[in-house]
Enquirer: 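Quick one: the structure is below, and I'll ask about it shortly.
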Amino acid sequence: MRFAVSLLSVLGVASVIGTVLKQNEPYENYIVKFGQFWFALFEHLGLYDVYHSVWFLVILLFLVVSTSLCIYRNTPLMLKEWRTFKEHATEKSLRAFSHQATFKPTADYAVVKQNLLQFLDAKGFKYKIRAQEDGSELIAAKAGTHQRWGYIFTHVAMVVILFGGLLDGNLPFKVQEMLGYKRIETTDLPVSKVPAESRMSVSNPSFRGNMTLAEGATHNVAFLRVRDGYLVQELPFAIGLKDFRIEHYATGQPKSFESDLVIFDPALKEPITKTISVNHPLTYKGIAIYQSDFQDGGTGLKFNVWNLFTPNNQPQALAGNIFGEGALGEGDAQLRVEYNDFRKFNIINMSPDGKGKPHNVGPNVTYKLRDSRGQATEYVTYMQPLQIDGQFYFLSGMRETVQEDFRYLRIPADDNLSIDGFMGFRAMMLDASKYPEIAKRIAEKSLGVRGDPQMKKQFELSLVRLLTVFAKGGYSEVAKVIEKNVPEKEREASATTYIKMVNVAAYEAYNMGLALNKKPLLKNSPETERLLRDSLNAFSDMFFYGTPYYLQLNQFEHKEASGLQLTKSPGQKWVYLGSVILVLGIFAMMYIRERRIWLYLKPDAKEVHFAMASNRKNLDFEQEFNLYREQLAGIAS
Amino acid sequence: MNETIGYQQQTLLQRLNWQDWLYALVIVAGSVFAFIKYAHFMDAYEVTFLFGAAALISYLGWQWKALGRLVLGVGVLSLAAIAMYHGDQARATQVFFLKFLIASQSAIMWMNVLFVLAMVTYWFALYRRSAFTGRVASALTWAAVLFGFVGLMVRWYESYLIAADVGHIPVSNLYEVFVLFCLITALLYLHYEQKLNTKQLGGFVLLVINAAVGFILWYTFDRAAHNIQPLVPALQSYWMKIHVPANFVGYGSFSLAAMVALSYLLASKGVLTSRLPSLDVLDDLMYKAIAVGFAFFTIATILGAMWAAEAWGGYWSWDPKETWALIVWLNYAAWLHLRMVKGLRGPLLAWWALIGLIITTFAFLGVNMFLSGLHSYGTL
């Protein structure tokens, strides 16, 4: 018993490990987190799938064995205690009880006996009367001995539950793996190429696997994740996805995930169609199919691609789909585009203090641009402009490694909430042929300059130079020039002047671009100032964007894929059965109180001896004994 | 005691008077009304729970008259609040009684205040050995429970006012269950207070309840957690109505036992000994509370497994919350073994019950705060 209690504690402590160390993560995550040495040690100890590790299973096995031994040893005793009335107690032994009393009845013996038996009946005691050699009678009564079944039930239940749990562990696979018949696959292969040692047949009695099903696709295998690899689980039927739907609340949070499934089985007359959702799985041939999660299923994408560093304002078209690839550029500079993910809904909290309500900001697409040397930069671009501080911006994030956070390019949207205003402006700023015109217009408006032709010419020249520098690298480039050419004391003053000049030039350039497209011109106003500031910042940031190509998502043809979980759990009914037995047993052990009463009747001596016992000594028993003693005193008088 | 020297015991049904039957009638009438109005929106399980709850509330009200009075009080105030709303959420800040008394947030704030007052009054009663002060403290506790349940009932209604698809029973996130925890623990305490006829433990049990109140206040003012959120798909199930309350009977009982254990340890060291019940009584109460808690915690864990089998693809995933529930279960199973089989009594078990509170708190709150997993509905 002490062993059992220690086992319970050991099991408890061992279980903690799996809660503080995230289980079943891809091995790279662990290597990054712990470093090579600790990673290898933890792997050796089986800590990444601790609940299926050999030593954990051994603890559970010990628990089963120990409990079974307890049941084996104690059940005969329990059953005996349940049945027996202990009518062979002697008068001498009864007098040794801690809870006893003696009464001297004056009434007739038969009457007293009758009353006592009635008392026992009323209190729910069953009794047996045994005549003694000297003419006395012993009434041996018991109540609540069903409690003993509580012991049997609770402990049998533990064994049954652990047995059921064992059925649902992957023991058959583990044994086969140890014997060398099976091994996990760790590389990304098409299903048909996965070798037989990494495939589990339809006769696998128990498994938990996943299936990602794109709309319109049909599969007949699931994937079982094991450690850092997987196994292919053959299914006795095929599942197709007709449609996947997400419904949302008015707040934008997801309300339900639903998949319209079709089950194809040659044994069926007609395929089964059923809609599953979270909390409403479908079970067929002992395999339960759950709505687990979802992802993109190969959404079709149509982009406008801008080359940010040419004065050409015409975008080119690019089409692709998620999980597919494309190409941008030519020759050595060609980039491979890998379309990774598309999300139709992005619920983001845009308020600066984080306390506002999140709302849907529209779709985004995640992709990588990989150069000829294999280096990739990752981008996430939002389709629609997002409102930040009352102004709308097109956001595109970039990062060079997975560990970094995305850094965002913020392109201000124009009055039509389109990117065209910025793109036109950018083209103007890069077009060297336009600089003289821009400079001229500024000079005309500059009071201090327009009067004097010589100053005007100087002014225009310096403006053209400034624009040339700016077109090379935005503000950073201007800063570099200042550092090189201007003495330290005057740098701040120069910078302020240059920034002012750039802003003024931007105003003219922007309007020239608008005029070209026959759009209304900007007027002088705080909004225009802000727009120009944002546009210039975006222009400067362009040079750090990591690529000349800006992909603007124009259209998409949404294709979703439903994430299903498939499980076969033969142990489930054992676990449920065990659970019911366990609850019955617990209530029996706690709320059925076993008590025994002995009434030794001595007609000759006109004496009734009362003794009471319980297998649990507690306050309730004390109180009951006192009450019965009082009540019996009244009867046996 | 129901029994007299005439030892014949009446059955429960024989002991009921006309007020008991009227009470049951009101409860049944309410459930029938709810059924007629809303059966369309409930599945078979939820209808069963509706009538099951009616039967349970009737039975409990018969066994414990004060509870019956509480139920009626909660019903009257909640219905008054619903009536005052006129189906318009905005009235919560316009109508005086809603704004300051029985709109769900107001009621819950009153609950918080009353629990604090009750604890202070219990300690004062203990210090002054005053029976009258003790009765005041008890009344304050009953009032706190009344307002807490009104708060939850009105919150249930308010969630439907936001939108029909947002409405749900208020046991779905950390905020709501903390309120439930306070109420269940307080009710369990009041039950034992009456049964043992002692008010001396109120100050102790209310310690843990007020810790929860402190958390509720922080959570409300710092994280705006009191806002009603719609249910994520995984929680849209009739299972939530039974798994969560059962868990909190367990947590509440274990917390109560821990506080009684605290009083036991103080009394056994000579602190407040003359004011507290005897060590035997405290020990017995500890056992009873842990027994009840263990029974309900077992049921709750099993219900959770059955729910998981419908929602997540398996009755057991070794998810941190599931695993910690197992650890709590193992802890109290070990405690009960030591007591029932070994016959252990005394300070060791009291320490164990007190430290068990740490394990229970971690399973309840720590898992959500520090660990991630399928159960992170109420992450802070």
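All of these numbers come straight from a predicted model, not from anything done at the bench. Every chain is numbered from 1 and lettered A, B, ... according to where its sequence line falls, protein lines coming before strand lines.
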Enquirer: Which region of A:Ser292, side chain (C-beta onward) or backbone (N, CA, C, O), has a non-hydrogen atom less than 4.5 Å from a non-hydrogen atom of chain B, or is it both or neither?
Expert: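 Answer is neither: A:Ser292 stays 4.5 Å or more from chain B.
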Enquirer: How many angstroms lie between OH in A:Tyr48 and NZ in A:Lys22, if you round to the nearest 0.5 Å?
Expert: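 Answer for the OH-NZ pair, A:Tyr48 versus A:Lys22, is 14.5 Å.
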Enquirer: Please flag which part of A:Leu582 lies under 4.5 Å from any non-hydrogen atom of chain B: side chain, backbone, both or neither.
Expert: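 When you check distances to chain B, only side chain atoms of A:Leu582 fall under 4.5 Å.
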Enquirer: Heavy-atom distance under 4.5 Å to chain A: side chain of B:Ala163, backbone, both or neither?
Expert: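 Contact with chain A: none, neither part.
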Enquirer: Any side-chain heavy atom of A:Phe610 sitting closer than 4.5 Å to one from A:Tyr628?
Expert: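 Yes; the side chains approach each other to less than 4.5 Å.
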Enquirer: Relative to chain B, which segment of A:Phe119 carries a heavy atom at a distance below 4.5 Å: side chain, backbone, both, or neither?
Expert: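 A:Phe119 touches chain B through backbone and side-chain heavy atoms alike.
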Enquirer: Please state whether the side chain, the backbone, both or neither of B:Val328 comes within less than 4.5 Å of a heavy atom of chain A.
Expert: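 Neither the backbone nor the side chain of B:Val328 comes within 4.5 Å of chain A.
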Enquirer: Any side-chain donor paired with an acceptor under 3.5 Å for B:Trp307 and A:Asn279?
Expert: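 Per modelled atom types, B:Trp307 and A:Asn279 side chains form a pair under 3.5 Å.
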Enquirer: Run the side chain to side chain donor-acceptor pair (under 3.5 Å) check on B:Trp329 and B:Thr298 step by step: do they pass?
Expert: CA-CA 7 Å; B:Trp329 190 86; B:Thr298 308; 2.9 Å; yes
Enquirer: Among all residues two or more places apart in sequence or in another chain, which pass the side-chain hydrogen bond (donor to acceptor under 3.5 Å, both in side chains) test with A:Asn74?
Expert: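 side-chain hydrogen bond (donor to acceptor under 3.5 Å, both in side chains) check on A:Asn74 returns A:Tyr151.
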Enquirer: Measure distances from A:Gln572 to the heavy atoms of chain B and classify the residue's part below 4.5 Å as side chain, backbone, both or neither.
Expert: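 Both parts, backbone and side chain.
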Enquirer: Side chain, backbone, both or neither: which part of A:Ile586 has a heavy atom under 4.5 Å from chain B?
Expert: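 Contact with chain B involves the side chain of A:Ile586 alone.
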Enquirer: Using non-hydrogen atoms and a 4.5 Å limit, figure out which bit of A:Val16 sits close to chain B: side chain, backbone, both or neither.
Expert: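 Both parts, backbone and side chain.
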Enquirer: So which of B:Leu231, B:Leu326, B:Ile162 has the largest heavy-atom pair count under 4.5 angstrom toward chain A?
Expert: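 Highest number of pairs under 4.5 Å: B:Leu231.
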Enquirer: With A:Thr275, which residues qualify under side-chain hydrogen bond (donor to acceptor under 3.5 Å, both in side chains), at least two apart?
Expert: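 Once residues adjacent in sequence are excluded, the partners of A:Thr275 under the side-chain hydrogen bond (donor to acceptor under 3.5 Å, both in side chains) criterion are A:Asp260.
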